Novice: 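Questions regarding the structure given below will be posed in turn.
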Amino acid sequence: RREIVAHQRKDLRIDVSVSQQISTGSSTALVQFTISGPDLARLAEYTRQILERFRQVPGAVDVDSNLIVGNPEVHVVVDRERAASLGVSVFDIADTLQLVVGGLKVSTFQEGGEDYDIRARAEPKYRDDLTSLSMITVPRMGGGTVPLSSVVSLKSTTGPSEINRLARQRQVTITSNVAPGVGQSTVSEALKKIIADLHMPPGYSARPAGFTKETERVVSGFLLAIAMSAVFMYLVLAAQFESWLHPITIMLTLPLTIPFALLSLLLFHQELSIMSALGIIVLFGVVKKNAILQIDHMNHLRAQGMGRAEAILEANRDRLRPILMTTFAFVAGMVPLLLSRGIGAGLNRGIAGVVVGGQTFSLALTLLATPVAYSLFDDVVQWRRRRRPRAVEDRGESEVARLVGATPAADPEAVPQAKAGE
């Protein structure tokens with residue numbers, strides 16, 4: 001990249017992008033935004049201001065746009081009144097210019113079973129010069145020809161190479177890649193702020209496009225999927241354990257793995273992406289499995305009459321070996337993906353790095369957190385059970401006092417005195 005920039009010619013625009021295995025013709029830039037509006041000249045000015053500031057953002061590289069202005073072109077303005085008086089139609093003028101400048105299909109050539117169009121147009125020296133174009137004649141109604149300069153005015157100017165439209169409005173796409181070690185969201189947010197600072201008038205708008213748009217859509221869908229999966233996971237565990245409390249104990253281990261998953265991203269020099277987020281979901285499944293093994297065995301031992309402390313210690317000793325075996329086997333299976341190289345290896349490393357690092361670092365913590373949370377929640381349950389009979393007894397005394405015409409707070413001698421009066 002440095003060599004290209006150092007030797008770049010001023011009249012060339014160089015774009016650096018990732019080559020796709022299956023090309024779709026669209027840009028592969030990581031950050032893409034489109035600005036649209038009715039006036040192309042105003043869009044060009046907004047684009048110039050955005051690019052000027054966006055190139056100063058740390059982490060934004062290969063900043064460019066699809067608006068290429070300055071291409072030479074000729075504007076042809078037809079004098080309709082003069083053309084009508086000379087008997088020349090606008091259609092004949094357009095058809096003549098199309099033949100001379102752009103060329104028209106006049107025949108077909110066949111060779112080797114393939115058809116090739118034969119197009120005829122004027123030589124470059126007759127179509128690239130205004131003087132030569134003015135000498136072209138156009139047909140008139142009733143016969144004869146008229147010089148093109150008699151019915152049109154030609155003006156040399158410059159303009160865009162192409163005009164793109166979105167929702168029938170002119171649009172310009174601003175693209176950028178991200179430097180290593182910088183998050184895509186950081187660069188995207190910086191571009192959003194630059195666009196917002198322009199305070200574009202009504203009729204002009206900016207929106208994410210390409211990979212940026214898909215990333216935002218996937219992130220929102222991913223968060224929704226996480227929330228729905230957590231609810232579904234809780235309901236399934238509640239049905240299996242026949243308890244509303246044990247699923248909470250199991251799911252408490254999931255947030256404990258996130259710091260270790262992020263730490264593994266730093267350790268393996270990776271970025272937080274969609275693939276690493278999928279790796280976190282896989283990590284949740286493994287950690288949840290370990291907690292299920294522990295709590296299920298604790299409940300089984302307590303149902304056989306063993307005390308809580310003894311059941312917790314015995315269950316952890318019995319389940320330590322299968323937990324370590326399954327965890328090490330799973331991590332070992334992810335190591336080849338973490339060390340893979342070649343096409344698509346980045347996707348493999350994004351998932352495997354989070355699983356290997358997160359599971360290895362959080363194993364000891366989750367093994368300790370599950371029995372501690374189980375013990376604390378069991379203390380809360382026992383405390384509620386001890387308070388429940390006392391509350392029921394207090395309600396019973398209040399009901400008896402109400403039936404005899406007194407309240408619990410009344411004088412104890414009130415009842416004997418009432419009976420003596422009777």
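Quick caveat: nothing in here was measured; it's all calculated off a predicted structure.
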Novice: So, are E52 and R48 salt-bridged, with charged N and O less than 4.0 Å apart?
Specialist: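 A salt bridge is present here (some side-chain N lies under 4.0 Å from a carboxylate O).
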
Novice: Does the side chain of K213 come within less than 4.5 Å of Q32's, by heavy atoms?
Specialist: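 Side-chain contact under 4.5 Å: no.
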
Novice: Is the shortest heavy-atom distance from the side chain of I292 to the side chain of F241 under 4.5 Å?
Specialist: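 Counting from C-beta outward, I292 and F241 do come under 4.5 Å.
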
Novice: Within the structure provided, determine whether R319 and N290 are in side-chain contact (heavy-atom separation under 4.5 Å).
Specialist: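 The answer is no; the side chains never approach within 4.5 Å.
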
Novice: Please examine the side chains of L254 and M233, heavy atoms only from C-beta on, and report whether any two atoms are closer than 4.5 Å.
Specialist: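 In short, these two side chains touch, coming nearer than 4.5 Å.
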
Novice: Would you please say whether a donor-acceptor pair under 3.5 Å links the side chains of K289 and T326?
Specialist: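 The answer is yes; a qualifying pair exists.
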
Novice: Could you check R170 against L43 for side-chain contact (heavy atoms from CB on, under 4.5 Å), going step by step and ending with a plain yes or no?
Specialist: CA-CA 8 Å; R170 293 177 173 87; L43 288 177; 3.9 Å; yes

Novice: Determine the minimum heavy-atom distance between V354 and S264, stating which atoms define it.
Specialist: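 Reported closest heavy-atom pair: CA-OG, 3.6 Å.
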
Novice: State whether a side-chain donor-acceptor pair under 3.5 Å links D378 with S375.
Specialist: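 There is no such pair (donor and acceptor under 3.5 Å, judged by atom type) between the side chains of D378 and S375.
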
Novice: One pair to check against side-chain contact (heavy atoms from CB on, under 4.5 Å): T360 and F328. What are the steps and the verdict?
Specialist: CA-CA 8 Å; T360 303; F328 290 156; over 6 Å; no

Novice: Is there a side-chain contact between V31 and T175, using heavy atoms and a 4.5 Å cut-off?
Specialist: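 SC-SC contact between V31 and T175 ruled out.
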
Novice: Hey, does the side chain of S243 reach the backbone of A238 with a donor-acceptor pair shorter than 3.5 angstrom?
Specialist: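 No, S243 side chain to A238 backbone: no donor-acceptor pair under 3.5 Å.
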
Novice: Does the gap between the ring centers of Y374 and H246 come in under 6.0 Å?
Specialist: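 So the answer is yes for these two rings.
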
Novice: With distance as the sole test, does T327 use its side chain to make a donor-acceptor pair with the main-chain N or O of L324 at under 3.5 Å?
Specialist: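 Judged by distance alone, no pair lies under 3.5 Å.
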
Novice: Using every non-hydrogen atom in the two residues, find where P139 and T96 come nearest and quote the distance to one decimal.
Specialist: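 P139 and T96 have their closest heavy atoms at CD-OG1, 4.0 Å.
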
Novice: Under 3.5 Å, is there a donor-acceptor pair between the side chain of R127 and the main chain of A122?
Specialist: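 Checked: pair present.
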
Novice: Given side chains that start at C-beta, do those of L367 and Q294 come closer than 4.5 Å, heavy atoms only?
Specialist: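 Yes, their side chains come closer than 4.5 Å.
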
Novice: Whether the E114 and Q110 side chains hold a donor-acceptor pair (N or O, under 3.5 Å, no angle test) is what I'd like checked.
Specialist: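 No donor-acceptor contact under 3.5 Å links the two side chains.
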
Novice: When you compare the side chain of V331 with that of V355, does any pair of heavy atoms fall below 4.5 Å?
Specialist: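 Contact flag for V355/V331 side chains = no.
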
Novice: Is it true that a side-chain atom of S205 and a backbone atom of I35 form a donor plus acceptor pair closer than 3.5 Å?
Specialist: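 Answer holds: no.
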
Novice: What are the two closest heavy atoms between A83 and V151, and how far apart are they?
Specialist: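 So the two residues come closest at CA-CG1, 3.8 Å.
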
Novice: Between CG of L301 and CD1 of I312, what distance do you get to the nearest 0.5 Å?
Specialist: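 Here the interatomic distance stands at 10.5 Å.
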
Novice: Check whether any side-chain heavy atom of N316 sits under 4.5 Å from a side-chain heavy atom of L368, and report yes or no.
Specialist: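 SC-SC contact between N316 and L368 ruled out.
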
Novice: Please work out which of the three classes, parallel, tilted or perpendicular, describes the rings of Y204 and Y46, given edges at 30° and 60°.
Specialist: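 Perpendicular: the ring planes of Y46 and Y204 meet at over 60°.
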
